[in-house]
Amino acid sequence: MPKQKQKGITFGYCDLNSGQRVYPALSDTIPEKILSSQQSADLDMFANITCVPPIGRTKTVAIGQDSIRFSVLLETNSTSVDDRDVKVTVWHDQGRHEWVDLPLRRTDDLKDTVLVNSRQAAHAWFTGDLSRQSTGPFPVSFTIKFQTGGQSGWKWVNDHSGTADGTIFFQREHEDLDFTGLFQGMSTDLTIHRESADTPQTKLYSITARVNSAKGQDSGYSNYRLGLPRDYTRWFSLVRLWSPWLAPRQGKTRFDPDKDAVLASFLRNDGAHVVCLAVSGLDDVLTVFTHDGHGNVIIRGRNDREKEGTARVIVAVASSFEVANAAVMYHARRIVAGYEDESGEVQKEVKALVDDNVKPEWLEEWYDGFTYCTWNGLGQNLSEDKIQTALKSLKNEGITISNLIIDDNWQSLTDGNSQFEKAWIDFDANKTGFPRGLKSTVQDIRKDHPQIKHIAVWHAILGYWGGVAKDGNIAKRYKTITVEKEKGVAEGQMVVVDESDVQRMYNDFYAFLSDAGIDSVKTDAQFFLDMLLHAPDRRRLIKEYQDSWTIAYLRHFSSRAISCMSQTPQILFHTQLPTNKPRLLVRNSDDFFPEVPASHPWHIFCNAHNSLLTQHLNVLPDWDMFQTDHPWASFHGAARCVSGGPIYFTDEPGKHDIKLINQMTAETPRGTTVILRPSVVGKSMDAYADYHDQVLLRVGTFNGYAKTGSGILGIFNCVERPLTEFIQLDDFPGTEEGKYIVRAFDGTVSKPMSRGEPSAFVGVNVGVQGWDILTAHPLRHFAHKQGDISVAFLGLLGKMTGVAAIAGSDAYVEESGRLRLWISLKAFGVLGLWISDLGQRSIENDMMLLIFGKPVPRHVVRRSESCDEVLEVDLERAWKEMGLEAGWSNEISIEMFVH
């Protein structure tokens with residue numbers, strides 16, 4: 001994968017000749033960081049200053065909310081903070097660029113606020129309110145300044161932390177805002193229609209423009225000016241990093257992404273979000289956004305057909321990014337579905353599957369199985385002996401996997417100086433590494449490791465990096481053509497299977513794999529379809545390969561497939577957006593590069609922001625494999641757990657972190673190892689926060705159903721100094737009315753809180769290379785015979801996303817007056833229950849626990865050492881001591897009665 005230079009970024013690439021990862025100088029590996037200043041002597045006794053709303057971020061005040069409360073925590077190196085020695089103010093510009101003070105008052109109301117990883121320091125809280133009426137029509141910029149004594153000068157928190165000012169948006173009505181109020185200077189050749197949005201309080205527009213026809217070998221191009229976005233203060237976009245991958249870009253001045261963009265969003269001064277989506281894949285037209293150097297958004301269309309084409313853009317306006325983003329994606333799905341239905345493309349897929357009597361299968365074990373991949377762990381000189389050695393190493397360490405991916409270099413290939421010169425000869429494995437053939441290797445694996453449910457093999461969409469060997473068995477069996485690739489990726493000619501034989505080739509290939517015991521595939525290098533140089537090849541092969549591959553994996557593997565290097569617009573909209581088939585696993589970003597420390601925070605940042613788009617595709621985003629025995633292992637592991645996608649690891653034999661693996665996975669009653677995947681895809685909670693900003697990356701997800709489910713925030717420090725932030729309850733996805741407790745991964749539990757309360761937040765201190773996972777659990781309240789009682793189901797403790805182990809739960813008071821709790825879990829572990837009055841109860845006398853109706857031994861039930869309200873139940877120990885066995889159910893059913 002060649003390196004691409006852009007805006008201070010040169011990403012690593014694979015030298016496909018040696019099979020090794022190659023990286024440029026470290027300073028060119030990821031976006032250049034803006035490092036914060038260190039504490040100086042001028043800061044006197046102060047150790048840390050933290051504010052809600054957060055400095056360095058944006059905060060929105062909804063219409064109808066008249067003010068915003070500031071809460072500031074000063075942590076000092078002394079034993080106390082004397083009121084007479086400290087003054088704290090919010091220094092803000094009133095939304096009019098005239099800076100004034102908002103003095104804060106000392107308070108004890110927040111002294112019980114939970115501070116995760118709290119420092120050994122004296123704490124002092126200060127609060128004050130900023131009213132909507134006291135500000136102007138523009139966003140309010142603010143920071144915190146403080147004074148340590150009457151004779152001391154004022155100091156700014158920015159000097160202490162290196163953080164930029166915060167920004168508050170007092171949202172205003174935008175009902176009267178029409179399209180001409182969004183952009184100025186737009187081309188008169190654009191056709192604009194108002195559409196009906198599938199999201200509430202959203203204005204939606206579809207935009208079309210003509211694109212010149214292709215001429216001979218050359219595609220047709222057309223550019224149109226959408227215009228200069230009006231009254232905006234921040235922008236976010238997802239750009240085409242290069243042909244296979246997307247990546248985020250943010251800015252606070254003029255719109256100037258360094259690459260073509262698929263999505264662009266603008267945060268206006270009135271607090272409204274304008275999201276623009278370029279739709280591709282219809283009638284062989286590719287549409288993207290670029291700019292003219294002056295901030296104007298340019299629509300660029302590329303047409304591969306010999307008749308005039310249409311570029312399509314969707315624009316939505318709403319009070320939140322998520323709503324506007326959902327609106328454009330929902331409408332895009334409607335457009336694509338209508339087009340494919342009209343063109344007969346959907347019927348083509350359905351007919352092929354019906355003719356073969358293809359039936360859907362339960363795919364949770366494929367999505368949720370803990371997976372080992374051979375790529376980084378075993379390298380490219382792959383052989384059956386290396387695979388068996390790795391599997392034996394896992395077995396000896398007690399690591400159980402459910403899925404195995406046999407990655408690149410198992411295939412029969414021609415010789416060549418580089419991988420781009422090697423071409424695919426035949427279906428079976430190469431004789432050097434697999435002398436007995438693929439089938440024998442797979443048979444031995446399944447015999448020696450029966451716990452492995454699914455075995456996948458890697459291949460490129462066109463066969464291999466160098467295509468098909470012109471004198472090989474595949475070329476003899478199927479019609480081939482010679483195509484030419486664009487410059488930049490081993491440009492030149494390549495032999496591939498022609499469109500007329502692609503479906504037959506894929507059907508035969510996957511039938512061979514299935515007969516060999518393979519039941520899943522990882523199909524890589526799909527961007528090669530986008531790199532075809534000539535328009536006739538693009539229009540003949542892009543959709544044909546995608547459709548033939550889709551039909552083949554559905555027919556033979558029931559959607560057990562991984563799509564890789566496929567974030568090209570034509571594939572995103574044609575293959576990954578429609579919902580007429582099961583969800584596909586799709587790589588969500590460029591690779592995990594284990595050898596480059598600076599690449600790891602960027603990898604997580606990039607995936608979290610790419611998921612803002614891919615969350616709306618019919619896919620599960622795959623954040624790529626990682627290694628558990630690695631300096632950044634837990635950072636990557638935590639990110640995979642909150643991603644909502646699969647988890648793959650690629651350890652070298654004998655190099656494993658068992659503790660980390662146990663935090664990410666759990667064992668089921670049937671002896672399989674599963675990941676605890678939240679039910680909602682994880683994504684960045686702040687699209688506009690730049691990688692350079694000195695703030696924590698927040699990755700939000702959710703598990704369960706509305707009102708009874710739990711919001712999850714993965715917190716990641718991607719900068720080179722410790723960070724402290726307050727996390728408000730309304731920052732958690734899915735939190736609604738009612739009381740919640742927030743629990744950190746280390747077991748710290750907050751007091752009950754409700755959205756909108758001034759004290760509804762927790763603090764987190766996160767060190768360099770650090771992370772945390774916070775979960776907001778809803779409380780269920782009951783009038784009990786011994787008084788009111790509240791409970792929360794925490795899931796499995798000690799697991800990064802332990803709440804995702806909950807398959808179902810219920811709670812109610814019986815006629816007798818006792819409280820009955822019921823919970824069903826996917827796997828073993830230590831079950832956690834938060835009970836408001838547990839500290840006043842006797843576990844032995846007031847409670848009874850049952851598993852499948854049988855009493856649980858008393859000694860496996862205990863009160864948590866870290867929180868008096870948390871009850872812990874060691875289910876695995878109870879299961880073994882009770883002699884229970886898995887029956888027809890894959891789950892563990894627990895009942896608890898509180899007298």
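For Asp524 and Trp458, the side-chain atoms include at least one donor-acceptor pair closer than 3.5 Å. For Asn588 and Ser611, the side-chain atoms include at least one donor-acceptor pair closer than 3.5 Å. Between the side chains of Trp771 and Ser634, at least one donor N or O lies within less than 3.5 Å of an accepting N or O.
With a 4.5 Å cut-off on side-chain heavy atoms, Phe528 and Met565 do not count as touching.
For Phe509, the ring pair (Phe, Tyr, Trp, His ring centres under 6.0 Å) partners at least two apart in sequence or on another chain are Trp424, Phe427, His459. Under the rule for a side chain to side chain contact (heavy atoms under 4.5 Å, CB included), the partners of Ser679 that lie at least two apart in sequence or sit in another chain are Asn703. Scored by the salt bridge (Lys or Arg N to Asp or Glu O under 4.0 Å) test, Glu322 finds no partners at all (sequence neighbours excluded). With sequence neighbours left out, the side chain to side chain contact (heavy atoms under 4.5 Å, CB included) criterion links Lys826 to Ala807. Listed by chain and residue number, Tyr330, Arg334 satisfy the side chain to side chain contact (heavy atoms under 4.5 Å, CB included) test with Asp198 (two or more places apart in sequence, or in another chain). With sequence neighbours left out, the side chain to side chain contact (heavy atoms under 4.5 Å, CB included) criterion links Ser393 to Pro653, His656.
Atom CG of Asp590 and atom CG of Asp624 lie 8.5 Å apart (nearest 0.5 Å). Atom CD1 of Ile892 sits about 7.5 Å away from atom CG of Leu796, to the nearest 0.5 Å.
Crowding of Phe852 atom CZ: a count of heavy atoms from other residues, nucleotides or ligands under 6.0 Å exceeding 12.
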